[in-house]
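Letters go in sequence order (proteins before strands), and every chain restarts at 1.
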Amino acid sequence: MPGAIFWFRKGLRLHDNKALIAAVESRGKKVYPVYVLDPKFVNPKQMGLNRLRFLLECLLDLDYSLRTKHNSRLIVLRGDPTVVIPEQIEAWDVDRLVYEDEPEPHNVERDEAIKAVLKESNSACLVYCTPGHTIWDPKYLLKINNGKPPLTMQSFTTLAEKKADPPARPINAPTAEAMQLMLPRDVPETDKAEGDMYSVPVVENVKDFVALYSSLGVNGDQCTIDEADEKENNAGTPIVKGGETEALKRLSIKVNNRHTWVATFAKPDTAPTAFDPPSTTILSPYLANGSISPRLFYYAILDCYEKNRKENGHAHTKSPTSLMAQLYWREFFTLCGRELPHFGAMVGNSICKQIPWSRDMALLRAWEKSHTGFPWIDSVMTQLRTTGWIHHLARHSVACFLTRGDLWVHWEMGRDAFERHLLDADWSLNNANWMWLSASGFFHQFYRVYSPIAWPKKTDPNGDHVRHFVPVLKDMPKKYIYEPWLAPLTVQKKANCIIGKDYPYPVVDHNTVKNANLTKMKDAYGRHSDGKINWEEDVAQNVSNADKVIQTTGIGEYEYVSKDTHNSGKRKAVAAPSEVDSDENTVKVEGQSSAPKKDKAKDINSKPTRGNRSKILRQTTLEF
DNA sequence: AGGAACGTTGACGGT
DNA sequence: GACCGTCAACGTTCC
Ligand SMILES: Cc1cc2nc3c(=O)[nH]c(=O)nc-3n(C[C@H](O)[C@H](O)[C@H](O)COP(=O)(O)OP(=O)(O)OC[C@H]3O[C@@H](n4cnc5c(N)ncnc54)[C@H](O)[C@@H]3O)c2cc1C
């Protein structure tokens, strides 16, 4: 009998893996577990070292389980799946290709392309796939919602809680006895074997990382990485370790063992500044690549609710803030990403406001590399780059700052940066949340702007997050920790941190740009209601561009130059610190935190005072 | 799950 | 005990 390829894509687990069970039921021992390192995703523009290492840890864990319990191993292929999968189907005498569905349109397209290749070559191989990445089958949710995805969380909640059947119970991982596999002839059992090209690659540092990318045929110039980045990448301290084993352990520690915590969980009350330990579960990296089953998570929460009811007698928190609702957000956004055309771009996306964002590379870089001069923003972005995870409300803060709050940079560029750095990067969730934060889609109260100073103060008045992730500020007095440019020079000297030398001036004056951006948002929104955005024409004109975005998975890979790229060019540092401390009691702090200013500085070349610094700061160098 | 200004309320302690 | 200033906490409104 011919065999089956079981293709792991997401769903990097043996528990609750319906497709895997189906493969074993249909082809017995001859099920070949495969993973494909696809350069379309595994490349430095889209995947940073931390996420790559996380992925490889997940693969190693699968490999280990397959070896120790199932007499098999993970077979890692490299290249374009539409090429390498049909090749191996042919080479290994395979007549079943089995996998768990991926919801993203570009992945669906790839799968269709493979089916087309098989059909064209008159292959006898049949393709079997099952849903499993989400709690409910997206097709089922659509069916019970008149064929359309809900567009608000409230309607999604009604769908989940009032109309949908309870989700399928998670199924256990196959036992060793139930699943004993064999390998194709050319695949050695041990990866120590000479010339084993199927093993999980070892990537410990940037050198290995570049070598791997080259082996996938990634163009050399995409692999350049500067020395500072290399050092930071090598020293990365990812917040969690990858693998199904770790995922299951974490679920029991963070969820199963804490029923009262789970039942009283309210997302807005969790602190974005907490990092040791963080205030939410950090199960997202595992959910993103399926090393934990969302249904296992779902029923773990339900069990907690039940235990809480019996023990504490009070109700659990409700959607949209409860822990269960966090899974609903994932479910909701995944469904939207699957169903709404051009979800990965502004242009051609019917739920996305058309806003004339800039694509200022210098501002983008300042933000991504922690050179904004706003300690909270720089601290969160450092946490993101080094640990691969940040709290949801920290994501709010930095995403708002990059887009409508301060820098007016396109949300797609922020989305791409998150894609690179987040361990939990997920196409649908990332796009949806960036639209949310930039007030482009789902959320429209654009006047709700996060302050990079007031917001972190609420949960971290001492600035411990900043002191940890931006150590150059560790001795800055509490009073100035979020706005060190206001510290008198004597204080800066004492703290060993001179603003403009050891730590940059802020790239913008928050209040000034916030107000200017509010006007731009009003204008952009006004154009929609005035009908000045002509969907028929605009979409027709831009749709080819948007199509390109979708084809390239919606991530990076395309050049779209907005007419509004007015902020580019090199900036010079001209702002200077004040020399004397302001009298705490009598002088109101001006600049960043004062009442709306009426005196707008006219001459950006004049000597900086607090009053006119806003305009000058806009020109602060970004080559810090 | 925004922030700031401004207004109201009520606790507290001093006169 | 009435009266008053102060202040924090909370509510409302606007952008
Ligand atoms: C701009 C921006 C980009 C984001 N990009 C991603 C992304 O690429 N991948 C990703 O998984 N999450 C993303 N999120 C959502 C959210 O911030 C993370 O899912 C969450 O912080 C993960 O931490 P946790 O597992 O501790 O969350 P918990 O609070 O413990 O929640 C449990 C699970 O619910 C899901 N969840 C929670 N919040 C959301 C949400 N807002 N939307 C969708 N699902 C949610 C996650 O799978 C999470 O693991 C983004 C949010 C913002 C504001």
Sugar-phosphate, base or nothing in reach of A:W436, heavy atoms under 4.0 Å: nothing
Between B:dA1 (P) and A:F443 (CZ): distance, integer Å: 11 Å
Pairs under 3.5 angstrom only: tabulate donor-acceptor contacts from the side chains of residues 442-455 of chain A to other protein residues two or more places apart or in another chain.
from   : atom 1 : to     : atom 2 : distance (Å)
A:Y450 : OH     : A:H396 : ND1    : 2.7
A:S451 : OG     : A:I453 : N      : 3.0
A:S451 : OG     : A:A454 : N      : 2.8

Side-chain N,O (A:K514) to OP1/OP2 (C:dC15) below 4.0 Å: no
Neighbours of DNA chain B within residues 265-273 of chain A, by heavy-atom distance under 4.0 Å: A:K267, A:P268
Atom pair distance, as rounded to whole Å: CG in A:N515 and P in B:dG2: 17 Å
Whole-Å gap separating C1' (C:dC15) and CZ (A:R404): 13 Å
Length of the line joining A:N511:CG and B:dA4:C1', which is rounded to integer Å: 10 Å
Residues from residues 389-403 of chain A lying under 4.0 Å of DNA chain B - heavy atoms: A:H392, A:L393
salt_bridge(A:E104, A:K10) N-O dist < 4.0 Å: yes
A:H510 NE2 to B:dG2 C1', straight-line distance once rounded to whole Å: 9 Å
Between C1' of B:dA5 and OH of A:Y447, the distance in whole Å: 17 Å
All salt bridge (Lys or Arg N to Asp or Glu O under 4.0 Å) counterparts of A:D303, not counting sequence neighbours: none
Sugar-phosphate only, base, or nothing, as touched by A:K457 at under 4.0 Å among non-hydrogen atoms: nothing
Atom pair OG1 (A:T334) and CG (A:L141), whose distance is rounded to the nearest 0.5 Å: 10.5 Å
Nearest-angstrom distance from the residue atom CG of A:L518 to P of B:dG2: 14 Å
Shortest side-chain distance from A:A454, nucleotide among B:dA1, C:dC15, B:dG3: B:dG3
Atom-to-atom span, NZ of A:K458 to P of B:dA1 - whole angstrom: 6 Å
Partners passing side chain to side chain donor-acceptor pair (under 3.5 Å) against A:S428 (at least two apart in sequence or in another chain): none
Gap separating the CZ atom of A:R359 from the CD atom of A:E412, nearest 0.5 angstrom: 5.0 Å
CD (A:Q154) with more than 12 external heavy atoms under 6.0 Å: no
Close aromatic pair by centroid cut-off 6.0 Å: A:Y298 and A:Y328: no
Nucleotide nearest A:R448 (side chain, heavy atoms from C-beta), chosen from B:dG3, C:dC15, B:dG2: B:dG2
Salt bridge (Lys or Arg N to Asp or Glu O under 4.0 Å) partners of residues 373-395 of chain A, not counting sequence neighbours, each pair once: A:E232-A:R385, A:R395-A:D424
